[in-house]
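Sequence lines set the chain letters: A, B, ... in the order given, protein chains first and strands last, and positions in each chain run from 1.
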Amino acid sequence: MSLKPRRVDFNEKWVGLQETVKGVITLGNVPRETWNACFSDVYILCVAYPEPYADKLYLETKYFLDNHVKALLEKVRANGEANLLKCYHKAWVEYSTGIGYLHRLYLYLNQQHIKKQKLSDAEIMYGSIGPDVQEQMEIGELGLDIWKRNMVEPLKENLVNLLLEGIHYDRLGEASPNITDIIRGVINSFVSVEKYKRKGKLELYEEIFETPFLQASGEYYKREASKLLQECNVSQYMERVIQRLEEETFRSNKFLHFSSFVKVKARCEQHMVADHLAFLHGECKSMVQEERCKDLSNMYTLLRSMRDGIGVLITELSEHIRAQGLETVRGLKGDNVHIQFVENMLAVHKKYRELIQEVFNGDQSFIGALDKACTFVVNHRPNPKMVCRSPEMLAKYCDSLLKKSSKGISESEIDEKLAQSITIFKYIDDKDVFQKFYARMLAKRLIHSQSQSMDAEEAMINRLKQACGYEFTNKLHRMFTDMSVSSDLNNKFNNFLKLDNIDLGISFCIYILQAGAWPLGQNLLTPFTVPQELEKSVQMFENFYHNHFNGRKLTWLHHLCQAELKLSYLKKPYQITMQTFQMAILLMFEKTDSLTCKEVQESLQLNSEQFGKHLTSLIESKILLSDTESQTPETVLTLNLEYNNKRTKFRITAALQRDSPQEVEQTLSAVDEDRKLYLQAAIVRVMKSRKVLRHNALIQEVLSQSKVTFAPSISMIKKCIEALIDKQYIERTPNSADEYSYVA
Amino acid sequence: MKVTIRSWTGVATWRWVANDDNCGICRMAFDGCCPDCKLPGDDCPLVWGQCSHCFHIHCIMKWLNSQQVQHLCPMCRQEWKFKE
């Protein structure tokens, strides 16, 4: 066959072609030769000489399809209303497949003739072409367009009614299974028929089907909701609604175009959840209080996507946790209040943390509620005039874990517990108070070598550093450094003694601490005459130290020094560890067996408070005997030569190491002092950068700066401002009452 | 001997003893540290010159490095030599 354009008779060719077209569109049997012949006929007509018949071919085909679809419409209608869906579907399946083939048969026309005159995207978007310009469509598109106009348009109302009815039966679970495919097919045809459009592909689908469908669904669910509300309680209601939502999800996957899914879901939720929000919210309180996990989980699922839906649930939960927390820490009694406090609080935290994880899918806003509630409980003061005891109790808790005495717990368990205590630590507002207490207890542990393990101590400090920053723990770190520096120093001193062949007669060990880093009450210092037996050693060390470190002055903290003594005047030899002051008192009895209080105190130069405290401990442990009930300067003290104890190695320092109420008081007032300095520094920093600032703005800035370590009271900030005005760091501006300016 | 001391564990704190309270260069207290340091103590030590004047080591080093001709004590203008 020649490809050369030639003269052809259109009518003659068209008659043959039309037969084949008919065969193709009805999926009849078209032999391959016929197909091939027709394929070339299309070509020949398109390139015909002298005048191509392409346009004519297009028109004729259009006319033919027009009639064909009209005939199909009659046929579909003839089968009656009841069979409409089924017949429409059948016709559509046939026609849509057929038109696909036909499109290929007209390949040449599509490719060469029609594509060339198509408008470009740009022309459609920006061109001044009116909508009435008829452009030729490719045959496949043309076929679908004709279907739309001749089939869908006249039938749409009937079809949609039938579809809605079908879906309604499906909702009721009464639909026959074989209709599913038909419904889906028909709905799909609304989408497919416009698939060639370059924009607004879903217009037809949305207009003729989706809108009424959503309308109908909405009404159905409105009815359903009010029916359910009458029938069941809230738990059942939620379960049913969730079930309905799931079914609807499944249904829309089954029948609808995927774009409708979101809309259907929104409509469902609107009618079943949002419309009854007040009812659901009303149920939250009791649900939370009774901790009905399943209900809460359902509630969360339903409310999650609602606007303002979840807030009520969060508030309720926060309040509930707060109440539970307060309940568990209220009225704790006994020696181990601190342990109970921390562990009860941790238990509450853990319980609700798990609940949130499980029930609310670990939602951040619920975690936030938990944090808020825990912060409230931890910083709660039963009596608003008293300071909050939590920082102290937490520090004590850590102390009890880190001390040697905690028996029966493995190291990993201790580690675990310490790690958890950080949880509570983060909730504490007054972190500086905690720091003070912690530092004091750490100092005692280090000096009296009571630490369980240095690794655990260091791990804990690192945790605090992580939570609160370097600034917060640097003093604690320096305490550690001092310990290792001291042990180096001890080695050096011992080597020095060995080299010079000096024997001190006692094993001598020393901690040299940096004055600023250790929270050791300087006010406990008392004049003290070092006993002869020690004097040489102390003198030796001081000389050694001054040779090594020029320009440093040592201050002995005798109230922290310890000695191990051997008593050889009794039936059995005893080894007792005690504090230096106790030792000094005991050493007085070397030459005599009885002395008056006055004699002892005068020769030791101790102040009365320390003397009394240490003397009492010796009398209580029955090493010394007193001839009166309470000690006066004239009381005669006698060495107890009948002393007897089952254990031959023990310590009598323990009672003295316990925290006295005064010490707590001191710690708290030290915190207060630190806070004032901190606030003044903060105010100066702010004013230095801003130069002029109003009172309220200054307060806000200072509050935000100090938030990390503590929550200062406004009155304290005001006092600090006053103090700085007195010190002439800042001044009031002359023309405004509540404005300050920085004085350089 | 009725009572013998077997061992003794002493505790003492140290602080600087200088002939002045403040560093003559940075005017900060010797108990504190120079303005470039964060922590007082071993990290920010003091040094004495043979003229017996005392400064933070960081302060006097900065001063000496800024002097091109002669190293003089900023207080008494004598030649600066570290006291051993």
Side-chain angles (χ1 to χ4, degrees), chain A residues 447-449 470-471 474-475 477-478 481-482 485 504-518 520 522 531 533-534 537-538 541-542 545 549-570 575 577 580 583 586-587 589-591 593 639, chain B residues 1-61 73-76 80-84:
Chain A
I447 289 173
H448 300 305
S449 37
Y470 175 73
E471 209 71 11
N474 68 41
K475 281 192 176 179
H477 275 297
R478 274 207 286 165
T481 322
D482 276 354
V485 169
L504 297 176
I506 60 172
S507 126
F508 188 84
C509 168
I510 188 144
Y511 294 122
I512 299 298
L513 316 174
Q514 246 172 69
W518 292 70
L520 303 168
Q522 296 287 331
E533 291 85 340
L534 261 184
S537 313
V538 172
F541 183 81
E542 278 187 0
Y545 191 79
F549 302 97
N550 201 0
R552 296 186 183 194
K553 188 172 155 258
L554 285 181
T555 312
W556 292 97
L557 304 178
H558 284 291
H559 60 284
L560 293 171
C561 303
Q562 272 187 30
E564 201 183 295
L565 299 184
K566 199 169 128 196
L567 306 190
S568 41
Y569 60 91
L570 297 164
Q575 258 186 50
T577 308
T580 304
M583 173 192 79
L586 210 55
L587 285 171
F589 294 86
E590 188 64 47
K591 307 236 162 59
D593 282 348
L639 208 55
Chain B
M1 292 284 271
K2 288 178 185 167
V3 179
T4 42
I5 307 174
R6 288 172 56 89
S7 72
W8 189 69
T9 309
V11 180
T13 55
W14 66 266
R15 54 176 72 244
W16 300 108
V17 270
N19 35 11
D20 206 347
D21 286 342
N22 300 326
C23 169
I25 297 174
C26 67
R27 309 303 296 161
M28 300 298 266
F30 283 131
D31 272 344
C33 53
C34 78
D36 296 336
C37 284
K38 281 206 153 146
L39 304 171
D42 290 320
D43 298 335
C44 186
L46 310 188
V47 283
W48 281 261
Q50 282 183 354
C51 56
S52 87
H53 288 118
C54 164
F55 305 99
H56 287 122
I57 191 166
H58 299 139
C59 296
I60 189 70
M61 289 315 289
C73 166
M75 299 291 263
C76 62
W80 177 266
K81 277 193 183 124
F82 285 103
K83 192 159 109 186
E84 284 308 310

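Only the side chain of A:L587 comes within contact range of chain B, with heavy atoms under 4.5 Å apart. Heavy-atom distances place no part of A:L570 under 4.5 Å from chain B, backbone and side chain included. Looking at B:I5, the atoms closer than 4.5 Å to chain A (heavy atoms on both sides) sit in the backbone and in the side chain alike. Of the atoms belonging to A:Y545, it is side-chain heavy atoms, and not backbone ones, that fall under 4.5 Å from chain B.
If you take OG1 on B:T9 and CD1 on A:I510, they are separated by 9.5 Å, rounding to the nearest 0.5 Å. The CE atom of B:M61 sits 12.5 Å away from the SG atom of B:C34 when rounded to the nearest 0.5 Å. Here the straight-line distance linking atom NZ of B:K81 with atom SG of B:C73 works out to 13.0 Å at 0.5 Å rounding.
Counting heavy-atom pairs closer than 4.5 Å to chain B, the top-ranked of the candidates A:E471, A:E564, A:R552 is A:R552. Looking only at heavy-atom pairs under 4.5 Å with chain B, the residue among A:L586, A:I447, A:T580 that has the most is A:T580. Annotation: maximal heavy-atom pairing with chain B below 4.5 Å, among A:N474, A:L534, A:V485, occurs at A:L534.
For A:W518 and A:Y511, the distance between ring centers is not under 6.0 angstrom.
Listed for the A:D482 side chain is no donor-acceptor partner under 3.5 Å among the backbone atoms of A:L513.
Using a 30° and 60° split on the angle between ring planes, A:Y470 and A:H477 fall in the parallel class, below 30°.
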